[in-house]
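Everything numeric in this text was worked out from a predicted model, so none of it was measured.
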Amino acid sequence: MTSNAGAGARADRTGSDRSASMRDAVSDSWSVRAAAGRRLAADAEVPEVAAVLSRLLLDTHDTFVTQETAEALLLRGDVPGLRLVLAALASADAQIGDYLQAAVTNVCEQSAGGLDRLTGPASALASDPDAGVREEARGLLGPGR
């Protein structure tokens, strides 16, 4: 019985934390938006969170928000996180694209297995229905993949 009560409280706190992060994602402060992107990355598979993350990845006010959000999503090492970053890369202007690419490079170079972490999700996304995501995934995998 105690474990159920703890799980309920944890679920409520998580929902409350997500709501606060969603509010923070529209802050005037770049540092608050960047922190929100890092926190929200944990819930990238939730459609309403994914929409907010997509906006943060293409933040027109500060590229730090872009890079921090992208790195948090890439560190997940899964399809939902990588898909959001690749979709942003496919539609970004040159400046934001540079920061998104820097996030990919940073995550891939953090450890010897950094690129390996993204290979599986990138392989899955190489046949994504979205042409931009598909092409970015193939580019990440390299020639001939």
Pairing of D62 and R33 as salt bridge, 4.0 angstrom limit: no
Transitive ILVMFWY side-chain link L75 to L82, under 4.5 Å: yes
So, S29 versus S31: side-chain donor-acceptor pair below 3.5 Å or not? yes
Heavy-atom pair of closest approach, residues G77 and L118: CA-CD2, 4.4 Å
Measure across A92 and G97 and return the closest heavy-atom pair with its distance rounded to 0.1 Å. CB-N, 3.7 Å
Under the criterion side chain to side chain contact (heavy atoms under 4.5 Å, CB included), I'd like the reasoning laid out for E68 against L56: C-alpha separation, chi angles, the key distance, then a yes or no. CA-CA 9 Å; E68 286 292 298; L56 291 172; over 6 Å; no
Donor-acceptor under 3.5 Å (R117 side chain, C108 main chain): no
Rounding to 0.5 Å, atoms CG (D59) and CD (Q67) come to a distance of 12.5 Å
I need the minimum non-hydrogen distance between A124 and V79, along with the two atoms involved. CB-CG2, 3.9 Å
Look up atom CG in L86 and atom CG in L100, then write down how far apart they are to the nearest 0.5 Å. 9.5 Å
Shared ILVMFWY cluster between L89 and L125, side chains joined below 4.5 angstrom? yes
Of the non-hydrogen atoms in L40 and A25, which two are nearest, and what is the gap between them? CD1-CB, 4.3 Å
Interatomic distance, T60 atom OG1 to I96 atom CD1 [nearest 0.5 angstrom]: 6.5 Å
Take a 6.0 Å sphere around CG of D28 and say whether it holds more than 12 heavy atoms from other residues, nucleotides or ligands. no
For a quick test of reading the model, state the closest non-hydrogen atom pair linking V133 to A90 and the distance between them. N-CB, 4.4 Å
Roughly how far apart are E71 CD and T66 OG1, rounded to 0.5 Å? 11.0 Å
Correct closest heavy-atom pair for V65 and A34 would be CG2-N, 3.9 Å
Less than 4.5 Å apart, any side-chain heavy atom of D130 and any of R83? yes
With the side chain counted from C-beta on, respond yes when V85 and E136 share a heavy-atom pair under 4.5 Å apart, and no when they do not. no
Treat each ILVMFWY residue as a node, draw an edge where side-chain heavy atoms are under 4.5 Å apart, and state whether L73 and V46 are in one component. yes
Can you check whether D17 reaches R39 side chain to side chain, under 4.5 Å on heavy atoms? no
Would a hydrophobic clustering, with Ile, Leu, Val, Met, Phe, Trp and Tyr connected at side-chain separations under 4.5 Å, put M22 with W30? yes
Verify same cluster id: Y99, L84 (apolar side-chain graph, 4.5 Å): no
Spatial distance of atom CG (L53) from atom CD (E45) [nearest 0.5 Å]: 10.0 Å
